[in-house]
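Remember, it's 1-based here, ligands and their atoms both numbered in the order they're listed. Because the structure is predicted, anything quoted here is derived from the model rather than measured.
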Amino acid sequence: MNIISYGRQHIDDEDIQAVVDCLRSNALTQGPMVAQFEQAVADYVGARYAVAVSSGTAGLHMAALAAGVGPGNALLTSPITFVATSNAAVYAGGTPLFADVDADTVNISPAAIEKKLAEHPEIRVISPVHFSGLPCDMEAIKNMADGAGAVIVEDAAHALGSRYADGSPVGNCKYSLMTVFSFHPVKSITTGEGGLITTNDEETYRKLLRLRSHGINKEVDTYQLPENAQTDGVPNPWYHEMQELGFHYRITDIQCALGVSQMKKLDTFVSRRRALAKRYDAAFAGSKLIKPAQTAGRDCSAHHLYPVRIDFAAAGTTRAVCMGELRQRGLIAQVHYIPVTMQPFYQRLGSVNADYPQANAYYAQALSLPLYVDLTDAQQDSVIALLLEVLG
Ligand SMILES: *Cc1c(COP(=O)(O)O)cnc(C)c1O
């Protein structure tokens, strides 16, 4: 059976050749491909600095630390996200907090942010998630962050190739201190596993470089104990300093070779995703049961997912039964996401799931339909037909 899942990578012969070339080169890691990949992404999004890392989650962890999240302060994000966004706050020793989403975008609600900022002066970081690639209202969020003395770390795991309302690329950090991307195979481009942080702030950039590699200083950093760096005025060529506690969050050259090759195709990937999203929109335009979860910003979004709201009750079924029937016919839909505030770990930390009615209303009806570059029009038509059939 030809399985159609909600998302998957596109890999062509050029990608394969790029990886093979790297395997035949001198450096499998810490070679030239990492910097090339960083430059390719920085140029694409228009950011001054880029730091490629082993995963989007590693990037969020480092970004939380570099933004100053720690004991006594908090990071505010959306309940409709992957758990990694708020886990970053917990890794850093800070408190994760949530603000409800808006019904029409499924993005964090500026009004809900404003309320949380008033209640929680300890909020140090706001982490908007561009859900499914649809950019959040960054203008409004930036104004609130500035007013509250908070900084912004964008979770743009869904949004490489997206554009803000003003037309500029997500990741240029005009609204934020840092933006974090993911290159898991279902995302806009892939490196197998991988992530990347962009920033325009040099000090933050240097901090990220240290955090990525054990907290060890880089050439541009000044020594904390300069007397150990030389012998009778001659520099000690082996000398380096571990200046803070860092991690091994490096990405390999093999992965970045794939990333460089994938970046060349990003625009084609996004336009195919956008065309598929518009075909779905047209197919469901007259449906009472199936409504696209987001309708605004169709030409701004990189369309990582195609989330719909389905009135399962009106169709006389449940989501569990519906997904089971789809699966029997080779179609694997998914739910993005279970509200993070529903997770037992977060409930033990004090989250009250009922405080997020819009997130819960969305979750009750959510389903992500297949959306990926290699999905053909014919396959998409069969997905639409199958879904309508299963819903009666
Ligand atoms: C995929 C994803 C992440 C984590 O990225 P990884 O590369 O899988 O670690 C974080 N946040 C969101 C919203 C994601 O979709």
Regarding Asp381 and Arg279, does a basic nitrogen lie under 4.0 Å from an acidic carboxylate oxygen? yes

Using ring-ring contact (aromatic ring centres under 6.0 Å, His included), reason through Phe37 and Phe183 one step at a time and then give a plain yes or no. CA-CA 12 Å; Phe37 181 50; Phe183 309 120; 5.2 Å; yes

Quick one: nearest non-hydrogen protein atom to atom 9 (O) of ligand 1, plus distance? Thr57 OG1, 2.5 Å

Is there a nitrogen or oxygen of Gly56 sitting under 3.5 Å from a nitrogen or oxygen of ligand 1? yes

Closest to atom 15 (O) of ligand 1 among protein heavy atoms sits His158 NE2, 2.8 Å

the protein heavy atom lying closest to atom 5 (O) of ligand 1 turns out to be Ser182 OG, 3.3 Å

Backbone or side-chain N or O of Glu193 under 3.5 Å from ligand 1 N or O: no

Compute whether any side-chain donor of one residue and acceptor of the other, for Asn143 and Glu139, lie under 3.5 angstrom apart. no

Would you mind telling me if ligand 1 is within reach of the side chain of Thr81, the backbone, both or neither, using heavy atoms under 4.0 Å? side chain

Considering the options Ile152, Ile197, Thr204, which one meets the side chain to side chain contact (heavy atoms under 4.5 Å, CB included) requirement together with Leu177? Thr204

Under 4.0 Å between a side-chain nitrogen and a carboxylate oxygen: does that hold for Lys278 and Asp299? yes

Have a look at ligand 1 and work out which part of Leu60, if any, has a heavy atom under 4.0 Å from it: side chain, backbone, both or neither. side chain

For atom 1 (C) of ligand 1, which of His184, His61, Lys187 has the closest heavy atom? Lys187

Atoms in ligand 1 flagged as close to Tyr337, the criterion being non-hydrogen separation under 4.0 Å: 15 (O)

Atoms of ligand 1, numbered as shown, that sit under 4.0 Å from any heavy atom of Asp155: 10 (C), 11 (N), 12 (C), 13 (C)

Check: Asn353 side chain, Pro339 main-chain N or O, donor-acceptor pair, under 3.5 Å: no

Please list, in number order, the atoms of ligand 1 under 4.0 Å from a heavy atom of Gly194. 7 (O)

Pairing of Glu202 and Arg206 as salt bridge, 4.0 angstrom limit: yes

State which residue, out of Lys291, Arg298, Arg274, fulfils the salt bridge (charged side-chain N to carboxylate O under 4.0 Å, His left out) condition with Asp281. Arg298

